[in-house]
Amino acid sequence: MGYKEQIQKDRIPRHIAIIMDGNGRWAKRQGLARMFGHRQGVETVHCITEAAAELGVEYLTLYAFSTENWNRPKEEVDALMTLLVDTIAKETPTLMKNNIRLQTIGDISRLPQATHDKFVACIEQTSSNTGLRLVIALSYSARWEIIYATQQIADAVKKGNMLVEDINEETISSYLTTAQIPDPDLLIRTSGELRISNFLLWQLAYAELYFTDCLWPEFTNEDFYHAIVDYQ
Ligand code: FPP
């Protein structure tokens with residue numbers, strides 16, 4: 001019996017977050033440039049997104065570009081930004097067809113204009129879709145997000161709009177970029193690294209963590225179902 005058949009339909013994790021790691025290593029193993037790994041990684045994104053939507057997962061959050069990723073060589077950053085624009089252009093009809101709503105978390109003001117505008121347009125176009133919420137973390141890091149939230153909370157206190165003693169878990173959650181999103185139930189990280197890498201530090205407090213040696217470009221739907229069965 002495959003893993004898909006073992007999934008209990010009434011216990012699907014509501015929110016799955018994924019650290020998609022290993023694109024570069026996958027490409028290197030084939031003797032190819034790193035960008036081939038990222039392009040193949042996009043194919044995996046397509047398959048896993050459709051699989052999540054079909055299962056009835058409500059939120060799928062993908063770590064596509066971290067704040068630290070800005071430090072990569074300029075050619076790789078530029079090529080990744082172009083790949084993101086091309087992917088959104090190509091995949092918007094798929095999102096519409098599958099009733100998927102796109103959202104981003106992170107400091108998207110740092111993105112090149114073309115990438116920024118493409119995401120904003122796709123977010124707008126898919127805003128009435130009621131199925132899976134696909135959340136792409138772009139120029140995101142948890143520490144950036146916590147600093148930004150702290151500044152806003154301090155500002156509200158300074159202006160007299162909030163009392164220090166009223167600050168609680170809900171307050172902090174509501175100031176994070178994930179304010180409208182429930183915390184992840186399951187975090188998947190590919191490529192064998194056993195780290196969180198500055199991803200959703202506050203939100204992952206109670207999540208199940210699932211690590212696999214599989215590199216992201218070779219991560220299949222069956223691997224995804226395996227992670228869900230393991231979670232259940
Ligand atoms: C990690 O592999 C992957 C990334 C930094 C980028 C992932 C981005 C995509 C797959 C494109 C996503 C597209 C959409 C629309 C969500 P790595 O380069 O760190 O691999 P390595 O650790 O083997 O070097």
Side-chain angles (χ1 to χ4, degrees), residues 15 17-21 23-24 34-35 38-39 41-42 45 49 59-92 94-96 100-129 132-159 161-162 167 170-184 187 196-204 216:
H15 181 178
I18 307 184
I19 301 177
M20 311 179 288
D21 198 11
N23 292 349
R34 292 176 59 80
M35 273 318 290
H38 294 315
R39 280 195 211 109
V42 169
V45 169
T49 303
Y59 297 85
L60 179 67
T61 300
L62 304 176
Y63 206 2
F65 196 87
S66 69
T67 308
E68 291 80 11
N69 285 157
W70 289 116
N71 299 324
R72 292 194 177 195
K74 186 177 180 315
E75 308 81 70
E76 186 176 349
V77 171
D78 289 349
L80 265 171
M81 292 299 142
T82 304
L83 179 66
L84 286 167
V85 171
D86 293 348
T87 304
I88 291 303
K90 184 168 158 243
E91 297 290 350
T92 302
T94 320
L95 298 180
M96 294 307 292
I100 297 170
R101 182 172 174 183
L102 186 79
Q103 189 177 336
T104 58
I105 54 169
D107 185 7
I108 64 165
S109 69
R110 286 187 73 180
L111 298 174
Q113 200 66 48
T115 315
H116 175 273
D117 293 351
K118 199 80 201 168
F119 271 93
V120 170
C122 183
I123 289 166
E124 174 63 28
Q125 199 181 332
T126 61
S127 62
S128 303
N129 291 347
L132 173 73
R133 193 84 75 93
L134 177 61
V135 183
I136 308 289
L138 277 175
S139 189
Y140 172 87
S141 82
R143 287 186 176 182
W144 162 80
E145 169 180 60
I146 290 168
I147 291 167
Y148 186 64
T150 308
Q151 287 171 343
Q152 288 180 298
I153 292 169
D155 195 49
V157 171
K158 193 167 82 180
K159 288 181 172 143
N161 298 329
M162 192 188 292
I167 298 171
E170 282 74 42
T171 318
I172 295 183
S173 293
S174 72
Y175 276 84
L176 298 174
T177 57
T178 49
Q180 311 299 326
I181 304 173
D183 288 345
L187 170 79
I196 302 295
S197 298
N198 210 353
F199 187 46
L200 301 174
L201 294 179
W202 173 271
Q203 299 88 336
L204 289 171
W216 180 248

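What you see is a predicted model; the values in this text were computed from it and never measured.
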Please report the shortest heavy-atom distance between [X] and [Y], naming the atom on each side.
{"X": "Ile18", "Y": "Leu187", "answer": "N-CD1, 4.4 Å"}
{"X": "Phe199", "Y": "Ala17", "answer": "CE2-CB, 3.9 Å"}
{"X": "Gly41", "Y": "Trp216", "answer": "O-NE1, 3.1 Å"}
{"X": "Tyr63", "Y": "Ala137", "answer": "CD1-CB, 3.8 Å"}

Can you give the donor-acceptor pairs under 3.5 Å from side chains of residues 109-122 to other protein atoms, not counting sequence neighbours?
| residue | atom | partner | partner atom | Å |
| --- | --- | --- | --- | --- |
| Ser109 | OG | Asp107 | OD1 | 2.6 |
| Gln113 | NE2 | Asp117 | OD1 | 3.1 |

Please answer whether the main-chain N or O of Ser141 pairs with a side-chain N or O of Thr67 as donor and acceptor at a distance below 3.5 Å.
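Yes.
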
Measure up the Tyr140 and Trp144 rings against each other and bin them: parallel (under 30°), tilted (30 to 60°), perpendicular (over 60°).
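Geometry flag for Trp144 against Tyr140: perpendicular rings.
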
Identify, with sequence neighbours excluded, every residue that meets salt bridge (Lys or Arg N to Asp or Glu O under 4.0 Å) alongside Asp155.
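Counting only residues at least two positions away or on another chain, Asp155 forms a salt bridge (Lys or Arg N to Asp or Glu O under 4.0 Å) with Lys159.
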
Tell me, please, which residues at least two apart from Asp183 pass salt bridge (Lys or Arg N to Asp or Glu O under 4.0 Å).
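None.
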
Solution key, residues 76-83 side-chain donor-acceptor pairs under 3.5 Å, sequence neighbours excluded:
| residue | atom | partner | partner atom | Å |
| --- | --- | --- | --- | --- |
| Glu76 | OE1 | Arg34 | NE | 3.0 |
| Glu76 | OE2 | Arg34 | NE | 3.2 |
| Glu76 | OE2 | Arg34 | NH2 | 3.3 |
| Glu76 | OE2 | His38 | NE2 | 2.9 |
| Glu76 | OE2 | Arg72 | NH1 | 2.9 |
| Asp78 | OD2 | Lys74 | NZ | 2.6 |
| Thr82 | OG1 | Asp78 | O | 3.0 |

Decide yes or no for [X] and [Y]: does some side-chain heavy atom of the first lie under 4.5 Å from some side-chain heavy atom of the second?
{"X": "Ile100", "Y": "Thr126", "answer": "no"}
{"X": "Leu200", "Y": "Pro184", "answer": "yes"}
{"X": "Leu138", "Y": "Phe65", "answer": "yes"}
{"X": "Asp86", "Y": "Val42", "answer": "no"}

Crowded around Gln180 CD? As in, over 12 foreign heavy atoms under 6.0 Å?
no

Before giving the answer on side-chain contact (heavy atoms from CB on, under 4.5 Å), spell out for Ile146 and Thr150 the whole-Å C-alpha distance, their side-chain angles and the decisive distance to 0.1 Å.
CA-CA 6 Å; Ile146 290 168; Thr150 308; 4.1 Å; yes

About how many Å separate [atom2] of [Y] and [atom1] of [X], when rounded to the nearest 0.5 Å?
{"X": "Gln103", "Y": "Arg133", "atom1": "CD", "atom2": "CZ", "answer": "5.0 Å"}
{"X": "Thr92", "Y": "Ile123", "atom1": "OG1", "atom2": "CD1", "answer": "10.5 Å"}
{"X": "Ile167", "Y": "Met162", "atom1": "CD1", "atom2": "CE", "answer": "6.0 Å"}
{"X": "Thr104", "Y": "Ile136", "atom1": "OG1", "atom2": "CD1", "answer": "8.5 Å"}

Using residues 172-179 as the side-chain source, report each donor-acceptor pair under 3.5 Å to any protein atom, sequence neighbours left out, with the distance given to one decimal.
| residue | atom | partner | partner atom | Å |
| --- | --- | --- | --- | --- |
| Ser173 | OG | Glu169 | O | 3.2 |
| Ser173 | OG | Trp202 | NE1 | 3.0 |
| Ser174 | OG | Glu170 | O | 3.3 |
| Ser174 | OG | Thr171 | O | 2.7 |
| Thr177 | OG1 | Glu145 | OE2 | 2.5 |
| Thr178 | OG1 | Gln203 | NE2 | 2.7 |

List the residues meeting ring pair (Phe, Tyr, Trp, His ring centres under 6.0 Å) with His15, not counting sequence neighbours, and say none if there are none.
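Tyr59.
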
